[in-house]
Enquirer: 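What follows is a single structure, and I will ask about it in a moment.
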Amino acid sequence: MSTPKYYYNPKTLKYEPAGVPWGSLILYVCGLACFGLLFFWVLLMTQNKLVETDRERKLRSENLALVAHKGRVQQELGSVELKLASLAERETALHKRIFLNERSQSISQQTHGKELLEYELPEYSTLIDELAGKTELALARASTTNYEFSRLFWPKKRDMPDLQQYPTLIPVAGFEPSKLACGFGNQINPFNKRLYQHDGIDIVAERGTAVRATASGRVVAAVRNETPAGFGHYIEIEHANGYRTRYAHLDEVSVRYYQNVKQGDIIGTIGTSGGSISPHLHYEIIHNQSRMNPALFFIEELNESELQQLAELGRKTKQSLD
Amino acid sequence: MFRTHYHYNPETCKYEPSFPSRQQNVRRMLLFVGLSLLIGIGGLVYYDLHYPDLDETRLAHQNEGLKLEWEALLGKIHHASDKLAFIEQEDDGNYRVVLDMVPLDKNIRQGGAGGHEAYQLEPDEQVQEIKESYDLLTRLNNRTEVQAQSLSEIEKDLTIKEEMMVTRPAMMPIDNRQLIRFNSIYGPRLHPIFGVWKNHNGLDLTADYGTPVYAVGNGIVSLAHYNGGYGNVIFLNHGFGYETRYAHLSRYNVVEGQRVKRGDIIGFVGSTGFSTNPHLHFEVLYRDQWRNPTDFMYRDLKQEEYNKLIQKRDQDNPKMDLR
C-alpha cells in the first residue's frame, strides 16, 4: 500500500505517479452510501417486524375494534333513526290534532339550526364571521338609535304611576311565545270545530300555576261558576284609563269582589274550569268595551325576537282551548 | 478511469502492473460492507432516537382517520338525541300540559341508567368512542321506546278528549234565521199556563211549526215519546255527563236508541204538552243537574259557519225529508 503507484501515460510514453484517484473515491463513497442506505432500510424493516411497542399494540387493537364496531354502530344508529322518524311523524300528527294547525316554523327551525352548526366547515365559518360582523354593525347602529330614542322619549318621573297602570305585565310568570296556544281573533272552537271570534288569548300552563294581576286596579268580578261552559271561575279587574282585564278558567280564585290589587299580585291559579278542554288561562283586555289583542301588551318581559315570534304565532288560526 | 496501475519494482528495476491480491480484495470487500453496515446502524440509531416507530406512525395515522369517522358518527348520534329531546320537550312541556296529564318522571325518561349488557366489549376494545357510542345508543334506544309509549298514552287520552269535544252540546238547536224569539229566561219565572212562580229549567226558542231541530252534539237517543208536560220530547244522552232535552216537538225524526251526530235533524218544532204556541223548550243537564243552555249555544257563531255544521250532516244523510 505504501508503495507509490504509477500509471502509464500513452501521450508522453512515460510512467507517471498517480495522484489521488478522485473518481474512484467518489464512486466508492457513493457505493458506501447506497449500501448504507440499503442496510439501514433492511434493518429498519427487520426492527419493524420484530419489535412491537406497547403503543403500537394498543393502536392496532384499537383500530381493529374501531373498524369492527363501526358497522354495528351504524346499523344501530340507522334503526334508532328510523324509530325517531316515525316518532317525529307521530308527534307532528299529534300537534296537528291538538291545535288543528301546523307547528310554527320558528319553533321547529330551532333544531335545524343546530344541525348546521355541527359541520364546522371553513366556508361556513367565513360566512358566519361575515354575518357576525354585519350583525355587530347593525347592533351598534341600533344601540345608538335606541339611545337617541330613549333620550327623546324617556318618561318623566311624574309619568311613571300613569304608565304602570297599563296592563303590560304578562299574567303568567316565565311566559314563552310557545306557550301561546291560541291567539286573538278568528279561531277554531274546540267543540264544534267552527270558526268564531276569540276575544282573548290562551296561555298554556300547568294546573296550579300562579296568575298575576297585569296592572293595579280593583276586582270587579270574582266569580265561581261550576257550569262546564263559559268562563268557569273567572276574575275581572278594572284598571285606570278605561282598561279591564279578565282571567278565565281559573282553578282557584284568591281575591274578593271589590278588592284592590297591585300589579304582580297573585290573584288565582290556572285551571280548566268552565268550557275549557285543558288547563290554560284565557286572558282578555277590554278597553272601553272593545276587545284588544292582549299579546300586543306583552312588551315588558320579552325581547325583540320573542315578540316577533309571538306576533307570528298569534296570527295563526288554531284550535282555541276556549 | 480504471487505469492499470503500475508499481516500481526495485528488484527488477521495472514498472510492473500491480493487481490486488485475493486477500486484499476480501479485506477491501469486508471493509466496504462493514462501513456500510456501520452507516446503516448509525442511521437506524439516529432514526430511533428522533423519529417514532414506522408501524406506529402508520397505525396512528389510520387511527386518526378512524377517529374522525367515529366523530362524525357520534355527531349523528348527538343530532338524533337532540331531535328526540325536542320531541320529549314538546311532549312534557306542551302536550301533557295541554291534556292535563302528569309529566313523565325524569328517571323513566332516561330509560334507567346504563344498561350496556347488550354490548359486552372485550378488554382491548375499551375505546372511548366505542363505549360512548354504545352508551348513547342504548340510552337513545330506551328513550325512544319510552317516548313511543308516552305518545301512545297521549294519543289515547286525546282520543277521549276529542270524543268529549264532539259529544258536548255546542251549537244552537235551531237555525238563527228560523228563530222568531229567543227567550233567555232561565230560572224562576211566572209560568204562562199555571200562573205561578216556577223554576224554568231550560230556554224557549220560538219558531214556526215544523222548523227542524238539530242535535247539538253526538249522542244516543235515550227517550223519544210523549211525556206529560214536555209533550213530544227527545232526551239525548251525550255521555261524559251531558244530556239535552228537546220538548214540545210536533214530529220525530229519530227513534229511541238511535245514534245521532251533531247537526242531525232529530225532530220538528211543535206545540205539544204544556205549551201555548209553537216553540222548542231546550234543556241542558250536566251530571243530572240543569245548566243554563246559553253557555252551550255559541250564538255568536257566524251563519256560514253554522250552515257548515248542519250541511255537513245533510250530506251524510241525504234521504232526510224536510217537510
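What you see is a predicted model, and the numbers here were worked out from it, not measured in a lab. Just so we're on the same page: letters track the sequence lines, and every chain starts at 1.
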Enquirer: In terms of heavy-atom proximity below 4.5 Å to chain A, should B/E162 be classed as side chain, backbone, both, or neither?
Expert: side chain
Enquirer: Taking all non-hydrogen atoms of both residues into account, name the closest pair between B/D55 and A/R60 and its distance.
Expert: OD2-NH2, 3.6 Å
Enquirer: Is B/S36 reaching over with its side chain to a backbone N or O of A/F35, donor-acceptor style, under 3.5 angstrom?
Expert: no
Enquirer: At a heavy-atom separation under 4.5 Å, does B/Q289 approach chain A through its side chain, its backbone, both, or neither?
Expert: neither
Enquirer: Is a side-chain N or O of B/N141 found less than 3.5 angstrom from the main chain of A/V80, in a donor-acceptor match?
Expert: no
Enquirer: Strictly by modelled atom types, are B/N94 and A/K179 linked by a side-chain donor-acceptor pair under 3.5 Å?
Expert: no
Enquirer: Will you find, in the side chains of B/D48 and A/Q47, an N or O donor that is under 3.5 Å from an N or O acceptor?
Expert: yes
Enquirer: Chain A heavy atoms under 4.5 Å from B/V216: which part of the residue, side chain, backbone, both or neither?
Expert: neither
Enquirer: Looking at chain A, which one of B/T144, B/I39, B/V98, B/L38 has the largest number of heavy-atom pairs inside 4.5 Å, strictly under?
Expert: B/V98
Enquirer: Let me know if A/Y28 has heavy atoms under 4.5 Å from chain B in its side chain, its backbone, both or neither.
Expert: both
Enquirer: For B/L151, is it the side chain, the backbone, both or neither that has a heavy atom under 4.5 Å from a heavy atom of chain A?
Expert: both
Enquirer: In terms of heavy-atom proximity below 4.5 Å to chain A, should B/I41 be classed as side chain, backbone, both, or neither?
Expert: both
Enquirer: For the side chain of B/D295 and the backbone of A/G230, is there at least one donor-acceptor N/O pair under 3.5 Å apart?
Expert: no
Enquirer: What's the spacing between B/F296 CZ and A/T227 OG1 if we round to 0.5 Å?
Expert: 6.5 Å
Enquirer: Looking only at heavy atoms and a cut-off of under 4.5 Å, which of A/L94, A/T92, A/T53 has the most pairs with chain B?
Expert: A/L94
Enquirer: Going through the distances and angles, do B/L54 and A/M45 end up as a side chain to side chain contact (heavy atoms under 4.5 Å, CB included)?
Expert: CA-CA 9 Å; B/L54 209 63; A/M45 285 298 122; 3.6 Å; yes
Enquirer: Can you tell me how far apart OG (A/S178) and CD (B/Q89) are? Round to the nearest 0.5 Å.
Expert: 7.5 Å
Enquirer: Relative to chain B, which segment of A/A181 carries a heavy atom at a distance below 4.5 Å: side chain, backbone, both, or neither?
Expert: neither
Enquirer: Heavy-atom distances under 4.5 Å only: say whether A/R97 touches chain B with side chain, backbone, both or neither.
Expert: both
Enquirer: Looking at B/D53 and A/R55, does any basic side-chain N land under 4.0 Å from a carboxylate oxygen?
Expert: no
Enquirer: Which atom pair, heavy atoms only, marks the closest approach of B/G40 to A/F40?
Expert: O-CD1, 3.6 Å
Enquirer: Look at A/R90 together with B/E155 and state whether they make a salt bridge at an N to O cut-off of under 4.0 Å.
Expert: yes
Enquirer: Check each atom of A/E176 against the heavy atoms of chain B and say whether the ones under 4.5 Å are side chain, backbone, both or neither.
Expert: neither
Enquirer: Would you kindly say whether B/Y134 and A/H69 are connected by a side-chain donor-acceptor distance under 3.5 Å?
Expert: yes
Enquirer: What's the shortest heavy-atom distance between B/E305 and A/L195, and which atoms?
Expert: OE1-N, 2.9 Å
Enquirer: Charged N to carboxylate O below 4.0 Å: is that the case for B/K67 and A/E62?
Expert: yes
Enquirer: In plain terms, say whether B/K76 and A/E81 are close enough for a salt bridge, that is, a side-chain N and a carboxylate O under 4.0 Å apart.
Expert: no
Enquirer: Please confirm whether the backbone N or O of A/P228 pairs with a side-chain atom of B/R168, one donor and one acceptor, at under 3.5 Å?
Expert: yes
Enquirer: With only heavy atoms counted, which part of A/D202 is less than 4.5 Å from chain B, the side chain, the backbone, both or neither?
Expert: neither
Enquirer: Go through the atoms of B/S133 and report whether side chain, backbone, both or neither lie under 4.5 Å from a heavy atom of chain A.
Expert: side chain
Enquirer: Tell me whether A/E91 contacts the main-chain N or O of B/I87 through its side chain, where contact means a donor paired with an acceptor under 3.5 Å.
Expert: no
Enquirer: Which bit of B/Y286 comes within less than 4.5 Å of chain A, counting heavy atoms only: side chain, backbone, both or neither?
Expert: side chain
Enquirer: Strictly by modelled atom types, are A/Q197 and B/D300 linked by a side-chain donor-acceptor pair under 3.5 Å?
Expert: no
Enquirer: Which region of B/S152, side chain (C-beta onward) or backbone (N, CA, C, O), has a non-hydrogen atom less than 4.5 Å from a non-hydrogen atom of chain A, or is it both or neither?
Expert: both
Enquirer: Between A/T272 and chain B, with a heavy-atom cut-off of 4.5 Å, which part of the residue counts as in contact: side chain, backbone, both or neither?
Expert: side chain
